[in-house]
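The next block holds one structure in the form of structure tokens; read it before the comments.
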Amino acid sequence: MFDVYTRDYLTKQENKVPLSFYEQETFTVTRSLLGKILVSNVEDKLVAGRIVEVEPYIGAWDKASHAYPNKITPRTKIQFDKGGVLYIYFVYGMHYQLCVVAEQEGVASAILIRAVEPVFGLDAIRRRRGEKVKDIDLTNGPGKLCKAFGITKDLNGQSLIGDKVWIVKGEDVPDESVLCSPRVGIDYAQEFAKKPWRMYIKDNAYVSKIKTKGISYKKAQKTFTPD
DNA sequence: GCACAGATTCTCT
DNA sequence: GAGAATCTGTGCG
């Protein structure tokens, strides 16, 4: 654990990542989220974790996106918002997923946070996840981290510079430490199911299970096209 | 250390 | 009414 992430540091308004960060192009934001600190303050419990695994979803041409092809429904309309809000949805009858909306207004974009490394509020995380769960399994998956952070549908559409969930600066991760592999659980997305757009920090123990060997960030970057 | 099925409810057809 | 951007326990080695 890192002692630098104190309550004081995590809650200071000036340390929150500004909205302009989220308004950038999706792939850039996805990459830059690695190493940053996700903070939640719900039910009066401050909890934080370093982001170690993320996946981008583009509404316009990515078949894996809920909003493909620019489909506006009550669920997906949040993805069309201006970058800097939360997109939270429910899957498999029991799990929430937490996404960050990027890009300008009108561009459907969501970045799924798949795993974090706990850095603050371990007690609250353990209580929410259950006493039997091993430390390494507390937040190494999108459903797990939502439970650990107290994320529910109520937070859908909330601002990322609000007082419930936000992101603060962490340690920058060099390109050499970023690996990319196919995204998870999207077999229906045809050619897009194989795109190596799941990004994670190399050798980090809190990344969720990896089946295929990752490729370099530079290589993956070239595949980020509508093809 | 696998593989498999069950849980359970929301969203869109 | 089908299927889902998942997790967990069980059973087998």
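We name chains A, B, ... by the order of the sequence lines, and we start the count at 1 in each one.
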Could you give the [atom1]-to-[atom2] distance, from [X] to [N], as a whole number of Å?
| X | N | atom1 | atom2 | result |
| --- | --- | --- | --- | --- |
| A:Met94 | C:dA5 | CE | P | 16 Å |
| A:His95 | B:dG6 | NE2 | P | 16 Å |
| A:Gln97 | C:dC7 | CD | P | 7 Å |
| A:Leu112 | C:dA4 | CG | P | 16 Å |
| A:Ile111 | C:dA5 | CD1 | C1' | 14 Å |
| A:Ile136 | B:dG1 | CD1 | P | 13 Å |
| A:Asp137 | C:dT8 | CG | P | 7 Å |
| A:Tyr92 | B:dC10 | OH | P | 17 Å |

Which nucleotide in the list C:dT8, C:dA5, B:dT11 gets nearest to the side chain of A:Arg129?
-> C:dT8
How about A:Glu55 and A:Thr30: does a side-chain donor come under 3.5 Å of a side-chain acceptor?
-> no
Could you tell me whether [X] and [Y] make a salt bridge, using a distance below 4.0 angstrom between a side-chain N and a carboxylate O?
| X | Y | result |
| --- | --- | --- |
| A:Asp137 | A:Arg129 | no |
| A:Arg183 | A:Asp62 | yes |
| A:Arg128 | A:Glu43 | yes |

Is any side-chain nitrogen or oxygen of A:Tyr96 closer than 4.0 Å to OP1 or OP2 of B:dT9?
-> no
Phosphate OP1/OP2 of C:dT8 contacted by A:Lys144 side-chain N/O (<4.0 Å) | yes
Please work out if A:Gly93 contacts a base, only the sugar-phosphate, or nothing of the nucleic acid, heavy-atom cut-off 4.0 Å.
-> base
Restricting to pairs with a member in residues 145-169 of chain A, which pass side chain to side chain donor-acceptor pair (under 3.5 Å), not counting sequence neighbours?
-> none
Mark yes when over 12 heavy atoms from residues, nucleotides or ligands other than A:Asp175 sit less than 6.0 Å from its CG; otherwise mark no.
-> yes
Output row for DNA chain B, stems defined as at least 3 consecutive Watson-Crick or G-U pairs under 3.5 Å, is B:1-7 with C:6-12, B:9-12 with C:1-4
Step-by-step side chain to side chain contact (heavy atoms under 4.5 Å, CB included) determination, A:Phe192 to A:Trp61 | CA-CA 9 Å; A:Phe192 289 92; A:Trp61 40 262; 3.8 Å; yes
For DNA chain C, the residues among residues 61-85 of chain A that have a non-hydrogen atom under 4.0 Å from it = A:Ala64, A:His66, A:Gln79
Classify the ring geometry between A:His66 and A:Tyr87 as parallel (under 30°), tilted (30 to 60°) or perpendicular (over 60°).
-> perpendicular
What residue among A:Leu46, A:Ile37, A:Val47 forms side chain to side chain contact (heavy atoms under 4.5 Å, CB included) with A:Phe120?
-> A:Leu46
